[in-house]
Amino acid sequence: MKKGDHLFLVDGSGFIFRAFHALPPLTRKSDGLPVGAVSGFCNMLWKLLTDARDTSVGVTPTHLAVIFDYSSKTFRKDLYDAYKANRSAPPEELIPQFGLIRQATRAFNLPCIEVEGFEADDIIATYARQAEAIGGDVTIVSSDKDLMQLVTPNVHMYDSMKDKQIGIPDVVEKWGVPPEKMIDLQAMTGDSVDNVPGIPGIGPKTAAQLLAEYGDLDTLLNRATEIKQEKRRQTIIENADKARLSRELVRLRTDVPLELAVQDLVLEKQDGPKLIGFLKAMQFTSLTRRVADACECDASVIDAVDVPVEWGAAAHGPDLDVDKPAPVAGGVPDIVGDSVQVPAKAKEANGEGMFQPASLAQSRAEAFASLPFDHSRYITIRDLATLDQWIADARQTGLVAFDTETTSLDAMQAELVGFSMAIADNAKNSTGTTIRAAYVPLTHKTGYGDLLGGGLADNQIPMRDALPRLKALLEDASVLKVAQNLKYDYLLMKRYGVETRNFDDTMLISYVLDAGTGAHGMDPLSEKFLGHKPIAYKDVAGSGKSNVTFDLVDIDRATHYAAEDADITLRLWMVLKPRLAAEKLTAVYERLERPLLPVLAHMEERGITVDRQILSRLSGELAQGAAALEDEIFKLAGERFTIGSPKQLGDILFGKMGLAGGTKTKTGQWSTSASVLEDLAAAGFELPRKIVDWRQLTKLKSTYTDALPGYVHPQTKRVHTSYSLASTTTGRLSSSEPNLQNIPVRTAEGRKIRTAFIAAPGHKLISADYSQIELRVLAHVAHIPQLTQAFADGIDIHAMTASEMFGVPVEGMPSEVRRRAKAINFGIIYGISAFGLSNQLSIERSEASDYIKRYFERFPGIRDYMDSRKQMARDKGYVETIFGRRINYPEIRSSNPSVRAFNERAAINAPIQGSAADIIRRAMIKMEPALSEAGIGDRVRMLLQVHDELIFEVEDADVEKATPIIVSVMENAAMPALEMRVPLKVDARAASNWDEAH
DNA sequence: GTCCGACCGTA
DNA sequence: TTACGGTCGGACG
């Protein structure tokens, strides 16, 4: 190597992480091997080797090496034990790519360098300084800030993904200090990702300012007493040692012992066939062609080389908790199922391969796709001997599908009328189904036409005999119970003293597999997977006026309906369960979905007390207020009309009164939404203001104060909502009848409703809510250093955003500036568009565009994140949460641009909203065991969940003990499955009503 | 009776 | 700009 030579040092380890997040996911066609980073790496290398001159580097390398980390154990770990301690395991798809990129490097005939005990950065530093000393030039192919300290007039960095060269001015522009001060700057700011402590509360801005003033870190520390700001002075003095330690951690070593001298890194000629053999193995068709053209080889005669792959992934997907044995349900029955239920034909056709999850799922789907339903095989069980036999058969096969028939859709009020079972026999039978099903009527009444009606129908097993047997079956952990929407049956049976154990829920399995592709109710699933439209409930029990409760349904008709439900449920399980393993979603189902079912059932069963007197008093006040407004509205309008009719109101405002500024809804009606009315009110019109006020009062009255008392349970005197586990696309829960997730909180008037939600006598309500959980998730998934740092430092996140974007200091910031930043932050989570933001902030579209542009400049990781989610949704048809929950977007490739844009925004939002939902799910699952371990499991009762908030009812004396446990479970909910890059924060408060606790 | 759109409450 | 559920009016049969 001599003066004028040019050494390229490629940061191989850095590239793979960066490429993984920045580039669209890509898998090898033949087997799904993830190869996105490998592809990016090969393309980048090829470009550098062939026409680096045309990139922003502008020169061709004479020497080149690719550098890797040897392992995570380095000398830094000896300096500081916690260094990189909170690094989580790399994403599953990355694992095989580490090895592949090394193999790619060798295929390119390039030296592949790693040294035990040192990071790639140290090796790069050593080579860079050596080359510089000889008089050569150096380009470090990386954009990692940790390498910026190496930049000199002769050493540049190159961000290959953005094709951007980084020199001294670029470092100064980005960090406010020249490269040689980067070490001091990083020593002060620390790095939460690598666990470099730094000085708390000092970010890059402050650090740069201090360095400008004091010159370097030592001087600063020596003269720290001169710092004017009291708080800052104190933390710097207190953390001087941490800063010195941090400096040693971030300072790169330039004395790494190297086997290959810098002269040996000379660029060799490419071996075309060798490279093509590798590229073909990776199935990179276009790069293979380009390489073949360049070296004038005939790619078609070159065989793909054998590339060993370390997959590093279990068939069931990631295990989400390492410290806990996997919950076992259905291991044995799965096998029983395989060997018996698939009709003989499907077995033969698929041969041995069917024992692989994917081919089993495939063959099951085909076997059941249109297997006919034979109702004549359904029986009614009316005697104990037959019932006992069926239960024995269920024990024998270890698997039974069941369904309850009741008098109500409300599991808290329903009475058990009968139950059905379906069993898969161990019989070889090629002529028909191998599933048999039966209905056990228990409390059917005599016909309702009977004047003496109400008596029990004849020939039913008495409840007192049947119930103990049903209990024994449902509580028997050696038998897997399968049901559709089991939470209903679980709660119902719990009220009869039965706690169902070892279960699967076909609705939840479908939800985990196919969220986003349609409903997960039994009827749609049956049509979709079994090609069968089930008997409609209303055809059995009637509808409308002639609707009867199930106990009045004729037992023969009931048998057809009920037994069919159990039959369908078992078939759905056969089809869906193997897909979990085939699609690597078992862990999501077993860790996030199934265990939540009993937790929610218990919450629903507990209910919450609402004070009916408070509500009725509020109703009176609201009625009065609304009546007064009505008079004024009619006077202003000059006529009486139905204020609640948007159609009539639109005619009055924009027709009769001829107000300007109206917009139309998509059906062509005048829009009278609150924002339209607010605009008119701001323009000086009285009527719209009154309408807005009237709407608020009547909304509160009709939706809350009038409706809630109707949900008070006659026996428990409490309100029992119902949570749906499977009705959102993102993994959130929903609440209905009543919806307790939309109780007002924003206005003072609305909050009064919350005062009616009270703790039982001698108890308090504790409300514990996550602070900014979605923005924290965003910081984590998109790797936004400023956000991560701000959360680590406990800084006001919206103010920080405003400060970054508008250059306004946090202290004394006008509230309007912060408000805008806040709207932008939320916009980002929602998949921002200039149109949406301009609406939200009532500003021009062009101004909103500028904001977004500036945001992306300030936080470039955000744009990368958004692009990568869109790309993933397009490539794979789904995106996923940090715990692997999958959300499908079948319409992401729609030719309709607005449909497509909508799906893209949703695909950006879903991983954020869904990851937050997964986190609180984990907290809920862990809550009862944690409280029990502390000895207060039976005295602290979780009642409600409102997306980022949990509400508990606790005996007065236990509040002090319970609160820190609740907070800790919530804050640590992601662990140990996942170490987040940002801390989670939970605020908790206790009071006698929900308003004061919140 | 049942369905749909408009509107509005929550995170 | 994301995700929900409930109430109302009004049109349909």
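Reminder, nothing fancy here: chain letters follow the sequence lines and each chain counts from 1.
OP1 or OP2 of dT2(C) sits under 4.0 Å from a side-chain N or O of Arg905(A). Listed pair Ser673(A) / dC7(B) fails the phosphate criterion, with no side-chain N or O lying under 4.0 Å from OP1 or OP2. Proximity of Ser671(A) to the phosphate of dC7(B): a side-chain N or O atom is located under 4.0 Å from OP1 or OP2. Close to dG10(C), at under 4.0 Å from its OP1 or OP2, lies a side-chain N or O of Gln648(A). Remark: Thr730(A) is not in phosphate contact with dC4(C), judged by side-chain N or O atoms under 4.0 Å from OP1 or OP2. Put simply, Ser734(A) has a side-chain N or O that comes within less than 4.0 Å of OP1 or OP2 on dG5(C). For dC7(B), one of the phosphate oxygens OP1 or OP2 lies less than 4.0 angstrom from a side-chain nitrogen or oxygen of Thr672(A). Between dG9(B) and Arg746(A), no contact under 4.0 Å exists linking OP1 or OP2 to a side-chain N or O. Taking only side-chain nitrogens and oxygens, Thr667(A) comes nearer than 4.0 Å to OP1 or OP2 of dA6(B). For the OP1/OP2 pair of dC4(C) and a distance below 4.0 Å, the side-chain nitrogens and oxygens of Thr729(A) include at least one atom meeting the criterion. Phosphate proximity of dG5(C) to Ser727(A): present, with a side-chain N or O under 4.0 Å from OP1 or OP2.
For the pair Trp694(A) CH2 and dC7(B) C1', the computed distance is 11 Å after rounding to whole Å. In this structure, CG of Asp693(A) is placed 11 Å from P of dG9(B), rounded to the nearest angstrom. Summarising the geometry, the separation between NZ on Lys699(A) and C1' on dT10(B) is reported as 10 Å, rounded to the nearest angstrom. Rounded to whole Å, the distance from CG on Asn839(A) to P on dT1(C) is 6 Å. As rounded to whole Å, 16 Å separates atom P of dT2(C) from atom NE2 of His947(A). For Ile691(A) and dC8(C), the CD1 to C1' distance is 15 Å, given to the nearest whole Å. Ile912(A) has its CD1 atom 17 Å from the P atom of dT1(C), to the nearest Å. Rounded to whole angstrom, the span from the CG atom of Asp706(A) across to the C1' atom of dG6(C) amounts to 13 Å.
Residue contacts shown for Gly831(A) are absent, as no nucleic acid heavy atom lies under 4.0 Å away. Heavy atoms of Phe835(A) sit under 4.0 angstrom from primed sugar atoms or phosphate atoms, though from no base atom. Counting any heavy atom pair closer than 4.0 Å across all strands shown, Ile829(A) reaches no nucleic acid atom. Glu737(A) comes within contact range of the sugar-phosphate backbone alone, with a heavy-atom separation under 4.0 Å but no base atom that close. Contacts of Ala674(A) with the nucleic acid, taken as non-hydrogen atoms under 4.0 Å apart, involve only primed sugar atoms and P, OP1 or OP2. Residue-level contact check: Ile828(A) touches neither bases nor backbone, having no heavy atom under 4.0 Å from any strand. Within 4.0 Å of Tyr770(A), counting heavy atoms only, lies no atom of the nucleic acid at all. Across all strands, Ala707(A) comes closer than 4.0 Å only to sugar-phosphate atoms, never to a base (heavy-atom distances).
Exactly one residue among Thr728(A), Asn909(A), Thr729(A) makes a side-chain contact (heavy atoms from CB on, under 4.5 Å) with Ile887(A). That residue is Thr729(A).
Closest contact between the side chain of Pro744(A) and the listed nucleotides dA3(C), dG9(B), dC7(B) involves dG9(B). You'll find that the side chain of Gln913(A) is closest to dA3(C), out of dT1(C), dA3(C), dA6(B). Set against dG9(B), dC7(B), dA3(C), the side chain of Gln696(A) has dG9(B) as its closest nucleotide. Here the side chain of Thr728(A) is nearest to one of dC4(C), dG9(C), dT10(B), namely dC4(C).
Arg776(A) and Val982(A) get closest at one heavy-atom pair: O-CG2, 3.2 Å.
Gln871(A) and Asp867(A) are not linked by any side-chain donor-acceptor pair at a separation below 3.5 angstrom, with hydrogens and angles left out of the test. Looking only at atom types and distance, the side chain of Asn825(A) has a donor-acceptor partner in the side chain of His798(A) under 3.5 Å away.
For Lys699(A), the side-chain contact (heavy atoms from CB on, under 4.5 Å) criterion is met by Thr703(A), not counting sequence neighbours.
Taking a 6.0 Å sphere around CD of Glu527(A), one finds it holds more than 12 heavy atoms contributed by other residues, nucleotides or ligands.
Under 3.5 Å, the side chain of Asn742(A) and the base of dG9(B) form at least one donor-acceptor pair of N or O atoms.
Residue-nucleotide stacking is present for Tyr830(A) and dT2(C), judged by a side-chain ring centre under 5.5 Å from the six-membered base ring centre and planes under 30° apart.
Taking the centre of each ring, Tyr865(A) and Phe859(A) stay at or above the 6.0 Å mark.
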